[in-house]
Amino acid sequence: MPSPESPSQVLVADASSGRIPVGETVVVKGWVRSRRESKAGGGLCFVTVHDGSCFDPIQVVARPALANFESEVLHLTTGCSVVVTGTLVESRGKGQATEIQADEVVVVGWVEDPETYPVAPKQHSFEYLREVAHLRPRTNTFGAVTRVRHTLAMSLHRFFDERGFWWVHTPIITANDAEGAGAMFRVSTLDVANGHVDFAQDFFGRETHLTVSGQLNVEAYCLAMSRVYTFGPTFRAENSNTARHLAEFWMVEPEIAFADLSDNADLAEACLKYVVKAVLEERGDDMAFFAERIDAGCIDRLEGLVASEFERMDYRDAVAALTKAVDDSVAFEFPVEWGMDLQSEHERYLTEQLVGRPVVVMNYPKDIKAFYMRINDDGRTVAAMDVLAPGIGEIIGGSQREERLDVLDGRIDELGLDRDAYWWYRDLRRYGTVPHAGFGLGFERTVAYITGMANVRDVIPFPRTPRNADF
RNA sequence: UCCGGGGUAGCUCAAUCGGCAGAGCACCGGCCUGUUAAGCCGUUUGUUGUGGGUUCGAGUCCCACCCCCGGAGCCA
């Protein structure tokens, strides 16, 4: 697509996709991925250039007639930035349909010391690449992850937009002091060097933290706008060191009015299927790479998810199935009994062994769930649900919310929470309350699930984890 | 935080019983070739995570600490 700055500039994606006709003069701007030489036909040099627009780089063919062939082109190394002007032609070699016969190669930026350039054209471990997070987007894998992540985000917005949802920007800084979703990061402008802290003197005149969920706030908008969702960063100060946890991550939280748990599960299933389908359709080149190099079964798994019905399973039945598994001598580390929370091993068994596709487990014991979840008629379970996916475990957690003020107050008291702290949340039950429900979808977990990447630290640009906030 | 594994060249790793610290890749040079994870030959590359201890001698054994990875917990 021509830009005003440079009339013939094209993206690599356009040049290699057939959108630009062969014979056109084009300008490509990007970074060198590799260079190869051949002495054939008087000598020539193949330079592959990527600009992030698609998975495959484009091959530039440079000939000795170029003014800077000896002095510069032959010295290009991985990572150099270049502007190439030339003719788009059908490739004479295998491996690509089209390539650029270069009329001019301008080197914009050299790699200062090729020997120590951190991203060599070879396989690196993901652990190592985390140490060079500013350069890892130049690799195949992280370019692909970045594009899939983008497509997933865009398709989520599209899914909700098409269904009449409003995107609500809930606050990052919160004074909700007991959201019940884990340890929080404090936000303060006070100098705490002397130990004693008087929050009345702090910036907001009270103790504040980074949000652990936009749910409570978005409920207020739900009870006015009917269908709403949040999509933004979330912060947890837990000392979690796993492939599934980040201190800063992104979460999608839809909330629907006049809806129950079943509506909620329907929404979750439709949402996951929609976005997975979108990635399969729009990022075929990147998904082919993930299937080839990262996770051979990822495309089959996704196509299966789109085609199949999610299994709905009551918590009671999940426990029964697990008990039966124990009887059939499946070995679990943790005992199975009604009232327990499902352990990772139990979730994996249900979704991977028993069912082989995503499972929605519903109606958990109230004692292991949050205060805002709606008490069922049996008085001992709540209308909560978890969506479990093979390979990643819990990918969605949600519930119908308690809309009855007296019942909500009872739960707040029962758990030793302070009613006054939830004054505005309780107001929503005093003024035109309605049944409503919602869920949280972990964005990074979803990207990991789709791509087959094993660690959420490798599907977010600059991961924040305990002892790591570099970059 | 708990359990387990690990930290050696720019990267990926090896190093026997405690006995001269090595290979592949990358980089650089040469040869070959419409090449494409190219191939062949050659050069260069070290505070063995940090601090202490044992020993004639420590990458290797002992102690402490730091960091990383995997699993668990917490959860999305």
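Naming convention: chains lettered A, B, ... in sequence-line order (proteins, then strands); numbering from 1 in each chain. From a predicted model like this one, the values you see are computed outputs, not experimental measurements.
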Ring-plane angle category for Tyr128(A) and His124(A), please: parallel below 30°, perpendicular beyond 60°, tilted otherwise. tilted
Kindly say if Arg467(A) contacts the phosphate of C66(B), meaning a side-chain N or O under 4.0 Å from OP1 or OP2. no
U55(B) and A72(B): how far apart are their P atoms, nearest whole angstrom? 45 Å
What nucleic acid atoms does Glu444(A) come within less than 4.0 Å of, heavy atoms only: base, sugar-phosphate, or nothing? nothing
Please determine whether a side-chain nitrogen or oxygen atom of Asn455(A) lies at a distance below 4.0 Å from atom OP1 or OP2 of G70(B). yes
Arg244(A) near the nucleic acid: base, sugar-phosphate alone, or nothing, with a heavy-atom cut-off under 4.0 Å? base
His346(A) has an atom NE2; how far is it from atom P of C74(B), in whole Å? 12 Å
Using the C1' atom on both, measure A9(B) against G59(B) and round to a whole Å. 14 Å
Leu388(A) CG to C75(B) P, straight-line distance once rounded to whole Å: 14 Å
Taking Watson-Crick and G-U wobble contacts under 3.5 angstrom, with | marking pairs to another strand and [ ] crossing pairs, the secondary structure of RNA chain B is written (((((((..((((.....[..))))..((((.......))))......(((((..]....))))))))))))....
Phe471(A) and His134(A) aromatic centres sub-6.0 Å: yes
Categorize Thr242(A) for me: base, sugar-phosphate, or nothing, with a 4.0 angstrom heavy-atom threshold over every strand shown. base
Hey, does the side chain of Arg36(A) come within less than 4.0 Å of A38(B)'s phosphate (OP1/OP2), counting only N and O? yes
Classify the nucleic acid contact of Glu345(A) as base, sugar-phosphate or nothing, counting any heavy atom under 4.0 Å across all strands shown. nothing
With a 4.0 Å cut-off on heavy atoms, is Leu246(A) in touch with a base, just the backbone sugar-phosphate, or nothing at all? base
Tell me if a side-chain donor or acceptor on Arg464(A) pairs with a main-chain N or O of Leu246(A) at a distance below 3.5 Å. no
Indicate, with a heavy-atom threshold strictly under 4.0 Å, whether Asp113(A) touches base, sugar-phosphate, or nothing. nothing
Protein-nucleotide distance (Arg33(A), atom CZ; A37(B), atom P), rounded to Å: 13 Å
Strictly under 4.0 angstrom, non-hydrogen atoms only: write out the protein contact profile of nucleotides 9-15 of chain B, one letter per nucleotide from the 5' end, B, S or -. -SBS---
For the pair Arg136(A) (side chain) and Thr141(A) (backbone), establish whether a donor and an acceptor sit closer than 3.5 Å, ignoring hydrogens and angles. no
If you look at every strand shown and take non-hydrogen atoms under 4.0 Å, does Glu99(A) touch a base, only sugar-phosphate, or nothing? base
Please classify the nucleic acid contact of Arg457(A) as base, sugar-phosphate, or nothing, using heavy-atom distances under 4.0 Å. sugar-phosphate
Exactly one of Glu219(A), Gln400(A), Arg401(A) should register a side chain to side chain donor-acceptor pair (under 3.5 Å) with His436(A). Which one does? Glu219(A)
Taken to the nearest whole Å, CG/Leu76(A) to C1'/C27(B) is 15 Å
Would a line drawn from the ring center of Phe371(A) to the ring center of Tyr422(A) be shorter than 6.0 Å? yes
Heavy atoms only, 4.0 Å cut-off, all strands: where does Gly440(A) land among base, sugar-phosphate and nothing? sugar-phosphate
Which part of the nucleic acid does Arg348(A) contact within heavy-atom distance under 4.0 Å: base, sugar-phosphate only, or nothing? sugar-phosphate
Looking at every strand, decide which applies to Glu253(A) at a 4.0 Å heavy-atom threshold: base, sugar-phosphate, or nothing. nothing
Nearest to the Ala243(A) side chain among C28(B), G70(B), U35(B), which nucleotide is it? G70(B)
In this structure, is the centre-to-centre distance between the rings of Phe231(A) and Phe443(A) below 6.0 Å? yes
Just how far, in rounded Å, is P of A37(B) from CZ of Arg35(A)? 16 Å
Is it possible for you to check whether Arg147(A) lies under 6.0 Å from the centre of the six-membered ring of Phe142(A), through NZ or CZ, and within 45° of that ring's axis? no
Between Phe332(A) and Tyr349(A), does the ring centre distance come in under 6.0 Å? yes
Rounded C1' spacing from C66(B) to A21(B) in Å: 24 Å
In whole Å, I'd like the distance from the NE2 atom of His245(A) to the P atom of U1(B). 16 Å
For G73(B) versus A64(B), give the span between their C1' atoms, rounded off to a whole number of Å. 27 Å
